[in-house]
Amino acid sequence: MIEAAKKPYFEKLFFLYNRQLFKRHFNGIYLDGPAELPDQAIICMNHSSWWDGLLLFHCNQVKIKHDIYIMMHEKGLKEFPFFKKLGAFSVNRGKPKDIVLSLQYAGRKLDEGKSVCLFPQGDEMHLEKRPLGFLPGATSLLEKHPHVPVLPVIFYYSFGDRKKQDLFVRICPPITYKELTGISRKEKNSCFEELFTKELDFLRNQVIEKNVSHFENVL
């Protein structure tokens, strides 16, 4: 697997570039989240767009502010190796041994007090696809690190009455290992997927009903 090679100076420069990129393509990034966040988390996001990784980076810089490491497809990381400098490390789901190595690497980062970010869907899927089809990677990490909560971060892209899209982000309350019902990893993963789906549908309904006046534009 390909390990991350974070460069703080590069993160600062990339934040400026990334912000301008979003300003060029979106009306705004509208965020709703709790006033207080955990100091460390297994951050999980839905994956429906090429922008998702860049969006997470921006939200982390302006709101979450964790030292994050994000699991990324090996193919994508080889195509865009600069993501290593932002904390990306690879996973190759076609090789079971590589999956184990990637999860072990993520576990070591958690042990170091870092936050690990995953897309539990694995692949990019349409925003409205249900079920979400979560893979058990996040639940596996949570099982081995029950003191670290899962922090669901929901992304929703929407065209309104303007030329460019609106981007809505909801940072949900953290979920602890004990809060996931079930005995087996499969059952707990299903519980997590169900909770995440409810939050995603809730955000979708807020956007449809235009009940978003309390969101903050972090762009």
Side-chain angles (χ1 to χ4, degrees), residues 6-70 72 80 82-83 85-88 114-121 124-129 132 149-175 195-219:
K6 290 191 80 170
K7 305 291 183 183
Y9 75 90
F10 184 78
E11 287 184 288
K12 291 179 181 179
L13 291 174
F14 189 80
F15 171 72
L16 299 176
Y17 166 78
N18 193 47
R19 183 175 60 186
Q20 289 305 117
L21 195 63
F22 273 104
K23 284 184 176 181
R24 193 178 310 141
H25 293 277
F26 294 89
N27 291 314
I29 298 174
Y30 304 96
L31 187 145
D32 178 32
E36 294 186 9
L37 294 169
D39 295 328
Q40 181 190 22
I42 301 167
I43 301 172
C44 293
M45 305 77 59
N46 56 309
H47 194 17
S48 65
S49 170
W50 178 88
W51 291 95
D52 292 337
L54 300 178
L55 176 58
L56 172 69
F57 175 79
H58 183 82
C59 291
N60 184 63
Q61 291 288 309
V62 300
K63 177 65 177 179
I64 303 173
K65 299 183 179 180
H66 284 194
D67 189 358
I68 61 171
Y69 286 78
I70 182 168
M72 183 175 175
F80 302 103
F82 68 86
F83 278 113
K85 297 180 182 180
L86 302 176
K114 317 296 185 183
S115 289
V116 172
C117 309
L118 302 92
F119 293 105
Q121 289 170 286
E124 187 179 307
M125 298 182 183
H126 192 278
L127 185 56
E128 301 299 339
K129 186 180 184 298
L132 296 177
V150 166
L151 187 67
V153 178
I154 315 292
F155 299 150
Y156 197 84
Y157 298 77
S158 175
F159 275 106
D161 55 1
R162 290 180 288 179
K163 181 180 178 180
K164 295 189 287 187
Q165 286 190 79
D166 295 313
L167 228 172
F168 295 91
V169 180
R170 174 168 158 75
I171 302 175
C172 305
I175 301 170
L195 292 172
F196 196 104
T197 303
K198 287 180 179 178
E199 294 287 2
L200 175 56
D201 290 345
F202 176 73
L203 176 58
R204 177 183 62 189
N205 290 335
Q206 282 186 306
V207 174
I208 291 172
E209 299 297 328
K210 297 185 178 181
N211 182 22
V212 292
S213 59
H214 57 290
F215 282 66
E216 175 189 4
N217 188 351
V218 295
L219 190 58

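When reading the values below, keep in mind they use all heavy atoms of this one structure, side chains included, and skip hydrogens, waters and symmetry mates. Numbering starts at 1 and runs along the sequence shown.
Stacking of Lys114 on the aromatic ring of Tyr69 is not recorded, the 6.0 Å distance cut-off and the 45° axial limit not both being met.
Atom OH of residue Tyr17 and atom CZ of residue Phe22 lie 10.5 Å apart, to the nearest 0.5 angstrom. From Gln206, atom CD reaches atom CZ of Phe215 across 4.5 Å, with rounding to the nearest 0.5 Å. The distance from atom CG of Leu31 to atom CD1 of Ile154, rounded to the nearest 0.5 Å, is 11.5 Å. In this structure, CZ on Arg170 lies 7.5 Å from CG on Leu203, to the nearest 0.5 angstrom. To the nearest 0.5 angstrom, Leu37 atom CG is 5.5 Å from Ile171 atom CD1. The OH atom of Tyr156 lies 15.0 Å from the CD atom of Glu199; values are rounded to the nearest 0.5 Å.
A donor-acceptor contact shorter than 3.5 Å links the side chain of Lys164 to the backbone of Lys23. Asn217 places no side-chain N or O within donor-acceptor distance of the main-chain N or O of Tyr30, the cut-off being under 3.5 Å. Under the 3.5 Å distance criterion, the side-chain polar atoms of Gln121 are matched with a main-chain donor or acceptor of His47. Distance alone, capped at 3.5 Å, is enough to place a donor-acceptor pair between the Asn46 side chain and the Phe155 backbone. Of the possible donor and acceptor atoms, one in the side chain of Asn60 sits under 3.5 Å from a partner among the backbone N and O of His66. No donor-acceptor pair closer than 3.5 Å links the side chain of Ser158 to the backbone N or O of Asp166. Not a single donor-acceptor pair under 3.5 Å links the side chain of Asp32 to the backbone N or O of His214.
Nearest heavy-atom pair across Ile29 and Cys59 is CG2-SG, 4.5 Å. Residues Lys129 and Leu132 approach most closely at O-CD2, 3.6 Å, considering heavy atoms. Nearest heavy-atom pair, Ser48 versus His126, reported as atom, atom and distance to 0.1 Å: CB-C, 4.2 Å. Of all non-hydrogen atoms in Met45 and Ile70, the two that sit nearest each other are CE-CD1, 4.3 Å. Summarising the geometry of Asn18 relative to His58, their closest heavy-atom pair is ND2-CB, 3.9 Å, with the distance given to 0.1 Å. The shortest heavy-atom contact between Pro120 and Leu118 is CD-O, 3.3 Å.
In this structure, Pro152 and Leu195 have side chains that are not in contact, with every pair of non-hydrogen atoms separated by 4.5 Å or more. At a threshold of 4.5 Å between non-hydrogen side-chain atoms, the residues Val207 and Tyr157 do not count as touching. Within the 4.5 Å cutoff, the side chain of Phe119 has no heavy atoms near those of the Glu124 side chain.
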query = Please walk me through it: do Lys198 and Asp201 pass salt bridge (Lys or Arg N to Asp or Glu O under 4.0 Å)?
reply = CA-CA 5 Å; Lys198 287 180 179 178; Asp201 290 345; over 6 Å; no
task = Determine, step by step, whether Trp51 and Phe26 satisfy the ring pair (Phe, Tyr, Trp, His ring centres under 6.0 Å) criterion, reporting the C-alpha distance in whole Å, the side-chain angles of both residues, the deciding distance to 0.1 Å, and the verdict.
result = CA-CA 11 Å; Trp51 291 95; Phe26 294 89; 5.0 Å; yes
task = Assess whether side chain to side chain contact (heavy atoms under 4.5 Å, CB included) is satisfied between Phe83 and Leu54, documenting all intermediate values.
result = CA-CA 10 Å; Phe83 278 113; Leu54 300 178; 3.8 Å; yes
message = Let's go through Phe57 and Glu11 carefully: what are the C-alpha distance in whole Å and the side-chain angles of both, what is the deciding distance for side chain to side chain contact (heavy atoms under 4.5 Å, CB included) to 0.1 Å, and is it a yes or a no?
response = CA-CA 9 Å; Phe57 175 79; Glu11 287 184 288; 4.3 Å; yes
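For Glu128, the CD atom is densely surrounded, since the number of other residues' heavy atoms within 6.0 Å is greater than 12. More than 12 heavy atoms of other residues, nucleotides or ligands lie within 6.0 Å of NZ in Lys6, so this atom counts as buried by the packing criterion. Residue-environment remark: CD (Glu209) stays at or below the threshold of 12 foreign heavy atoms within 6.0 Å. Within 6.0 Å of CG in Asp39 there are 12 or fewer heavy atoms belonging to other residues, nucleotides or ligands.
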